[in-house]
Amino acid sequence: MPLASELFVPRTVPLEVAQRLNGAIGQAVQDTEFRRQIASGGSVPGRPMTLDEAERMLTEQTARYRRLAQVVRLVAQ
């Protein structure tokens, strides 16, 4: 199962600020040295996501792990 790293901001952050931040992070993760550093740690650098893609992934992953928690009868402590 692939792992991902995300950076989240509160929903109260204005959309234009979130878009600007997403763009800056997207540029940073395309940097050759950044990608080399990630790869040297044993990870595979992925491609940046749009805000919509990230929202969709979070929704899907939340649903997936909720179902898993129900199947194994996980109880919050």
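Since this is a predicted model, take the numbers as computed values, not measurements. Residues take their numbers from the sequence shown, with the count starting at 1. Computation of the quantities below employed the complete heavy-atom set of this structure, encompassing side-chain atoms and omitting hydrogens, waters and symmetry-equivalent molecules.
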Other cluster members, L15 - Ile/Leu/Val/Met/Phe/Trp/Tyr, side-chain contacts below 4.5 Å: L51
Fellow cluster residues of F34, listed by chain then number, with links counted only when side-chain atoms sit under 4.5 Å apart: L7, V9, V13, V17, L21, I25, V29, I38
Spacing of R56 atom CZ and M49 atom CE [to the nearest 0.5 Å]: 10.0 Å
Inter- and intrachain pairs under salt bridge (charged side-chain N to carboxylate O under 4.0 Å, His left out), touching residues 67-77, at least two apart: none
Partners passing side-chain hydrogen bond (donor to acceptor under 3.5 Å, both in side chains) against R36 (at least two apart in sequence or in another chain): E33
For V72, all residues meeting side chain to side chain contact (heavy atoms under 4.5 Å, CB included), sequence neighbours excluded: L68, L74
All salt bridge (charged side-chain N to carboxylate O under 4.0 Å, His left out) counterparts of R47, not counting sequence neighbours: E53
Test side chain to side chain contact (heavy atoms under 4.5 Å, CB included) applied to T62 - qualifying residues, sequence neighbours left out: L58, R66
Pairs meeting criterion salt bridge (charged side-chain N to carboxylate O under 4.0 Å, His left out) with involvement of residues 7-25, two or more places apart: R11-E55
Sidechain-backbone polar pair: R35 side chain, G46 backbone, donor-acceptor under 3.5 Å: yes
